[in-house]
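Following: one structure in structure tokens, then a few remarks.
These figures come from a predicted structure and were not determined experimentally. Order of the sequence lines sets the chain letters (A, B, ...), proteins ahead of strands, with each chain counted from 1. The figures that follow rest on heavy atoms only: side chains count, while hydrogens, waters and symmetry mates do not.
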Amino acid sequence: MPDFIDGSENVSVHGIFNWILLLLIFSIITVIGNYLGYKHPIGDSFIGMCILSLITLVGVWLERELPFNISSILYISVMGIILAFPGMPTSQTVLYYVSHVELLSIVTVFLAYVGIGMGKSWDEFKALGWRAIVITILVIAATYYGAAIVAHIVLVATGVPAV
Amino acid sequence: MRDNDGQVEHIYREKTDRRILRKNPWKDVRLHGTVLVLVVIAELIGTITIPLSHDVKITIMPLIYTIILGLAFYLVKPIKWIHRKQARIAEGAMMLFIGVLIAKLAVSSGQSIALIFDMGPALILQELGHLATILVLPIALLLGFKKESIGMTNSIGREPNVAVVVDKYGFNSPESRGVFAIFIIGTVIGTIFISFLVTFSLSFLPLHPYAFAMASGVGSASMNAAAIGPTLAAFPGMETQIEAFAGFSNLLSFCVGIYIVIFVALPLTEKMYNWFEPKIGRDSIVKTKEDD
């Protein structure tokens, strides 16, 4: 059963310390960008980033601590959904602070790291060339038409009038 | 190092962990300082909108500047302080920062649970329509892509999809190169392409107005905006409904879309790949290069 392997390993205190400092740096840069781009108050959006960083930290730690071969993305998603679930005692606070962090602010900082990290693979990117452009165009068209056609069929089937 | 018989996730985890957990990645002032400068420049320039005609406009957002400038800083010779070492740390740090992105999306999902139930079956089922991208896989194989095609055709290849693919296959895998290629090309040409696509489709396809509205939520804020413009113009008097459906569908694509990609699209794409590749696969056009 190759799917069920013990995915746990020990993370040193030093390692967790590194995670925390990296997330702190990421949060500070994001808050600065979030302030410049969207004028969100620095204090509130910093608390928002701390909440998101804490969820991330627990997620990546759980991925290594628990013996299941499950990606941290799932732990992080489940924690985020539960914390923000309407009716949860945490939801008001979490939503208030996290709403001050624009998704696009996070993405902007994240993509700066991606851009720098990607430099190493530039030559292979060039090799992808025009063929990749063709595939991109087809993929975007397929997404759009796939969604439009399914939505149309369901709308007609459920009797929503075409105003 | 543990024995992990071909578990891709763990192989990459070992590699990034070595950089992130055992060294002091936060000490690299050159890297983080550069990122800060890039972000400040990008946010100060802000979103630029170039109108081409009444409905069609190109939207260039700060996230496009940072990815291109980041790449340029690595590639351009006069910039001496960003080397392979910085690129490696950036790569390792990125694996951690994906978590913050996912956490933000998860909070949005939790918040909109009630709305998801209210808006009816069409909104949710149309998310499955995005699986149509997998039909492009045979074409990718015919054009000479190998495992790159799995990353390219499992979804539209926006931020959350990139996160999922990188997390599953590792940063240096062919699958990730595929999804990055789609991401970069989609970032540059996606917005203008979808404007034309929507304008064209509105005139030729007799679909329900709400279907056009929902379809415009492809999972990218800039593409969503580009797709709404012509749809609004085509159905005067229905602005409110079209905006509501388009916005919510895009939110769904961001939060629910992730799970469709993880649980349905990626396994399905892999199956299609295994079935089609021996039949129509060509010689790889991508020269494989050993990292490190």
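Put simply, the side chain of B:T66 never gets that close to the backbone of A:L111: no donor and acceptor are under 3.5 Å apart. Put simply, the side chain of A:H152 gets close to the backbone of B:H208: a donor and an acceptor are under 3.5 Å apart.
Between B:V100 and the choices A:T30, A:T56, A:V101, A:I55, the side-chain contact (heavy atoms from CB on, under 4.5 Å) rule is met once, by A:T56. Checking each of A:V114, A:L23, A:I25 against B:F97 for a side-chain contact (heavy atoms from CB on, under 4.5 Å) leaves exactly one that passes, namely A:L23.
Of the atoms belonging to B:P206, it is backbone heavy atoms, and not side-chain ones, that fall under 4.5 Å from chain A. Proximity to chain B (any heavy atom under 4.5 Å) is shown, for A:S77, by both the backbone and the side chain. Both the backbone and the side chain of B:L101 come within contact range of chain A, judged by heavy atoms closer than 4.5 Å. Proximity to chain B (any heavy atom under 4.5 Å) is restricted, for A:I32, to the side chain, taken from C-beta onward. Interface residue B:L207: backbone and side-chain heavy atoms are both found under 4.5 Å from chain A. Neither the backbone nor the side chain of A:M88 comes within contact range of chain B; no heavy atom of the residue lies under 4.5 Å from a heavy atom of that chain.
When every heavy atom of A:L36 is checked against every heavy atom of B:E43, the shortest pair comes out as CB-CB, 3.8 Å. Here the shortest heavy-atom pairing between B:S201 and A:Y144 reads OG-CE2, 4.1 Å. Across all non-hydrogen atoms, the minimal contact from B:K104 to A:E102 is CE-C, 4.3 Å. Minimum heavy-atom separation, B:I182 to A:A132: CD1-O, 4.3 Å. When every heavy atom of A:T136 is checked against every heavy atom of B:A181, the shortest pair comes out as OG1-O, 4.5 Å. The nearest pair of heavy atoms linking A:V139 to B:S155 is CG1-O, 3.3 Å.
A:L22 places a side-chain heavy atom less than 4.5 Å from the side chain of B:H32. Counting heavy atoms from C-beta on, the side chains of A:I116 and B:I82 come closer than 4.5 Å. Taking the side chain as every heavy atom from C-beta outward, A:W130 and B:L143 approach each other to under 4.5 Å. Inter-residue side-chain proximity for A:F26 and B:V35 is flagged as unmet; no heavy-atom pair is nearer than 4.5 Å.
Interface summary for chain B: among A:S53, A:G33, A:S99, A:S27, the most heavy-atom pairs under 4.5 angstrom belong to A:G33. Heavy-atom pairs under 4.5 Å with chain A were tallied for B:A72, B:A132, B:G129; the largest tally goes to B:G129. The most heavy-atom pairs under 4.5 Å with chain B, out of A:V78, A:L52, A:L138, come from A:L52. The residue among A:V60, A:V134, A:V109 with the most heavy atom pairs within less than 4.5 Å of chain B is A:V109. Between chain B and the residues A:I76, A:L83, A:I51, the largest count of heavy-atom pairs under 4.5 Å involves A:I76. Among B:L205, B:T133, B:I45, the residue making the largest number of heavy-atom pairs under 4.5 Å with chain A is B:T133. Looking only at heavy-atom pairs under 4.5 Å with chain B, the residue among A:G80, A:A141, A:G48 that has the most is A:G80. Of the residues considered (B:G217, B:A163, B:A215), B:A215 shows the highest number of contacts with chain A, using heavy-atom pairs under 4.5 Å. Heavy-atom pairs under 4.5 Å with chain A peak, among B:V164, B:L36, B:T34, B:I262, at B:L36.
The structure places CG of A:L155 at 8.5 Å from CG of B:L123, a figure rounded to the nearest 0.5 Å. Here A:T143 contributes atom OG1 and B:L131 contributes atom CG; the two are 9.5 Å apart, rounded to the nearest 0.5 Å.
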Show the numbers, then the answer: is there a side-chain contact (heavy atoms from CB on, under 4.5 Å) between A:I135 and B:T153? CA-CA 8 Å; A:I135 301 299; B:T153 62; 4.2 Å; yes
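The 12-atom threshold is not exceeded at OH of A:Y35, counting heavy atoms of other residues, nucleotides or ligands nearer than 6.0 Å.
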